[in-house]
There are 2 protein chains.
Amino acid sequence: MTFVALVDDHELLRTGLAAMINSFEGFKVVMEANNGQQFVEKIKTTKINPDIVLLDITMPQMDGYETSSWIKSNLPQTRVLVLSMLENDTAIIRMLKNGARGYILKDSKPKIFKDALDSIRDSGYYINDLVSNKLMHYINHEEVYDNDAMALSNLSENEITFLKWICTEKTYKEIADEMCLSPRTIDTYRDNLFKKLDVKTRVGLAIFAIKNGIVTI
Amino acid sequence: MTFVALVDDHELLRTGLAAMINSFEGFKVVMEANNGQQFVEKIKTTKINPDIVLLDITMPQMDGYETSSWIKSNLPQTRVLVLSMLENDTAIIRMLKNGARGYILKDSKPKIFKDALDSIRDSGYYINDLVSNKLMHYINHEEVYDNDAMALSNLSENEITFLKWICTEKTYKEIADEMCLSPRTIDTYRDNLFKKLDVKTRVGLAIFAIKNGIVTI
DNA sequence: ATGAAGCACCGTGTTTTCACCGTTTTATTA
DNA sequence: TAATAAAACGGTGAAAACACGGTGCTTCAT
């Protein structure tokens, strides 16, 4: 029997998932959590040790990236299968770098699910087209992903906050007021981010912020 | 027994939903569809007549707005319960205007689901805080919603195209080149959209375009 | 202790964006 | 065909955004 944990903030989806997975021969859902933090707590307080964790990316408190890293270092025998709506290269590569063994979209058909779980249990990995394409692409364009994937983690708290304000209609001067910083500093933030993220305009920054979940619209 | 139809392009969510609803006393899922168009076809070809339709908004082919309108005029005794991730005012008001009897978020707890279904079966409506707040607000700011909801359909082809370019890093002059129009015309497009959409900056336009699916990022 | 790295800050100048005014052209239809 | 709406185009000036080249002040590892 393979034990499965579900980590996703959508309770409804979780309920459906649990029902489905429990209906699969040889699989049993033994834990559910709303986010990474709750998952970590449950791991620590209970003695439950899941074989496979079905993990969402966008969650409050502790997101999928962090959670997957944590699992990689604290539960090395536990395998992560990402279950996300995000289809963009950065998210997929980043999760794989953080130890994920497979990546499937939330609107997949049940059969895909079964296949993925079987494959991860038996071979340790589930390599679908989504993943293999990104991997192939990654091999040839590593720099791009490095820039992009690292970008997020290389951003300071202030830069993240700044990116949130970027997605409003405030001027840089007004943003400076909001953040209690000099307008010049804000200019520097912008210029640095232009370089870091390889964009040239405020719209570029806004798109980046949205794409990477720094702001939700 | 109350018959329920599920219209949502996320098969997994549908599976979970179906399992959950079938577990509720007195409810039975009698039809599932991937989108509005498929739903309409099934209604026409089969003799199934659902009492309640659980309807998503963002779907390919025929979205929730259209589908709800169609149900309103073709199946007047069928009641629509919206099930969406969208929490923004425009979406909620627009669905209610198109005949929806209730609106719940996809990450609601199962109990909310049961309550909503019971309420719609018994009283015809499910008025939660989400809906009542928007309704109250709507009473007092009707113009705003009219502007917003109508905005999308009031946009010309060129304006839509322009909004796509807005979400790039091109300057207005470059956009003018791309669209084979004078820079002045582009200025006018921008100014008109500022008024129509009630925004003040290019970032505002970009956010609107993304929010309303004119561009996908 | 020193040199590299990062953050906050500043000045100047150019380009782009935005606001407000108006004219010509095209299409529609009464 | 004259009236009318709309789309395309234009000028000007102020405000905002962007580019570039800096200064101090920490921090922190060598």
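First the proteins, then the strands, lettered A, B, ... as listed; each starts at 1.
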Heavy-atom distance under 4.5 Å between the side chains of [X] and [Y], does that happen here?
X: B/Tyr172; Y: B/Ile166; value: yes
X: A/Phe27; Y: A/Asp118; value: yes
X: B/Leu130; Y: B/Ile104; value: no

Just to be sure I understand the geometry, which residues of residues 167-176 of chain B put a non-hydrogen atom under 4.0 Å away from DNA chain C? B/Thr171, B/Tyr172
Rounding to a whole Å, what distance do you find between [X]:[atom1] and [N]:[atom2]?
X: B/Glu157; N: D/dA8; atom1: CD; atom2: P; result: 12 Å
X: B/Trp165; N: C/dT17; atom1: CH2; atom2: P; result: 14 Å
X: A/Lys200; N: C/dT15; atom1: NZ; atom2: C1'; result: 15 Å
X: B/Met179; N: D/dA8; atom1: CE; atom2: P; result: 8 Å
X: B/Leu197; N: C/dC18; atom1: CG; atom2: C1'; result: 16 Å
X: B/Lys195; N: C/dA19; atom1: NZ; atom2: P; result: 8 Å
X: B/Ile166; N: C/dT16; atom1: CD1; atom2: P; result: 15 Å

Per the end-axis method with five pairs at each terminus, what is the bend angle of the helix from C/dA1-D/dT30 to C/dA30-D/dT1, to 10°? 30°
Residues, nucleotides or ligands: over 12 heavy atoms within 6.0 Å of A/Lys211 NZ: no
Count the heavy atoms of every other residue, nucleotide or ligand shown that sit under 6.0 Å from CG of A/Asp198, and state whether that count exceeds 12. no
Listed partners of B/Glu11 passing side-chain hydrogen bond (donor to acceptor under 3.5 Å, both in side chains), at least two apart: A/Lys109
Under a 4.0 Å threshold between the charged nitrogen and the carboxylate oxygen, would B/Lys196 count as salt-bridged to B/Glu159? yes
Report which part of the nucleic acid B/Arg190 touches: base, sugar-phosphate, or nothing (heavy-atom distance under 4.0 Å, all strands). base
At their closest point, which heavy atom of A/Gly102 faces which heavy atom of A/Leu81, and how far apart are they? C-CD1, 3.5 Å
Validation: residues 176-187 of chain A side-chain donor-acceptor distances under 3.5 Å, sequence neighbours left out:
unit_1, atom_1, unit_2, atom_2, d
A/Ser182, OG, A/Arg184, N, 3.0
A/Asp187, OD1, A/Arg190, NH1, 3.3

Below 3.5 Å, can you tabulate the donor-acceptor pairs from side chains in residues 48-64 of chain A to any protein atom, sequence neighbours excluded?
unit_1, atom_1, unit_2, atom_2, d
A/Asn49, OD1, A/Gln77, NE2, 3.2
A/Asp51, OD2, A/Phe3, N, 2.7
A/Asp56, OD2, A/Lys106, NZ, 3.2
A/Asp63, OD1, A/Tyr65, N, 3.1
A/Asp63, OD1, A/Glu66, N, 3.0

One pair to check against side-chain contact (heavy atoms from CB on, under 4.5 Å): B/Val203 and A/Glu169. What are the steps and the verdict? CA-CA 6 Å; B/Val203 170; A/Glu169 298 202 308; 5.6 Å; no
Contact letters for nucleotides 7-12 of chain C, in which S counts primed atoms plus P, OP1 and OP2 and B counts the base, heavy atoms under 4.0 Å: -SBBBB
